[in-house]
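As the structure is a computational prediction, the values presented were derived from the model and not from experiment. For the numbers below, each heavy atom of this structure counts, side chains included, while hydrogens, waters and symmetry mates do not.
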Amino acid sequence: MSAYNELQLSSYVDQIFKRLSAVEAQLAVLSERAGVAYERPGADAPPEVAELVAAGDRIGAIAKYRELTGAGLQEAQEVVAGL
């Protein structure tokens, strides 16, 4: 088993997030066609938080979410994980 460097891991994680986004988009389409409501996790997150996640700053996004909403650590982590 070979070790991965930081760049390889970052690239791998980015690929996973892209695939997950595609799966969520497909799930939303299928849910709509089936008449079942689908709320994307983190959809109600403040735009500043979503921007930090998009920039790859998940820790900053968690901190910003907590700052803006007064949420606890676990809730903030769950919201950011859903973005």
> Taking ILVMFWY side chains as joined if any heavy atoms are under 4.5 angstrom apart, and letting links pass through other members, which residues group with V53?
Replying inline: V49, I62, Y65, L68, L73, V79, V80, L83

> Between the side chain of Q8 and the main-chain N/O of N5, is any donor-acceptor distance below 3.5 Å?
Replying inline: yes

>> Just to verify, what does E32 make a side-chain hydrogen bond (donor to acceptor under 3.5 Å, both in side chains) with, not counting sequence neighbours?
In response: none

> Transitive ILVMFWY cluster of Y12 at side-chain heavy atoms under 4.5 Å: who else is in it?
Replying inline: I16

> If you look only at pairs with a residue in residues 20-31, which of them pass as a side chain to side chain donor-acceptor pair (under 3.5 Å), with sequence neighbours excluded?
Replying inline: E24-R40

> If you look only at pairs with a residue in residues 43-56, which of them pass as a salt bridge (Lys or Arg N to Asp or Glu O under 4.0 Å), with sequence neighbours excluded?
Replying inline: none

> Quick one: salt bridge (Lys or Arg N to Asp or Glu O under 4.0 Å) pairs with a partner in residues 53-71, sequence neighbours left out?
Replying inline: K64-E67

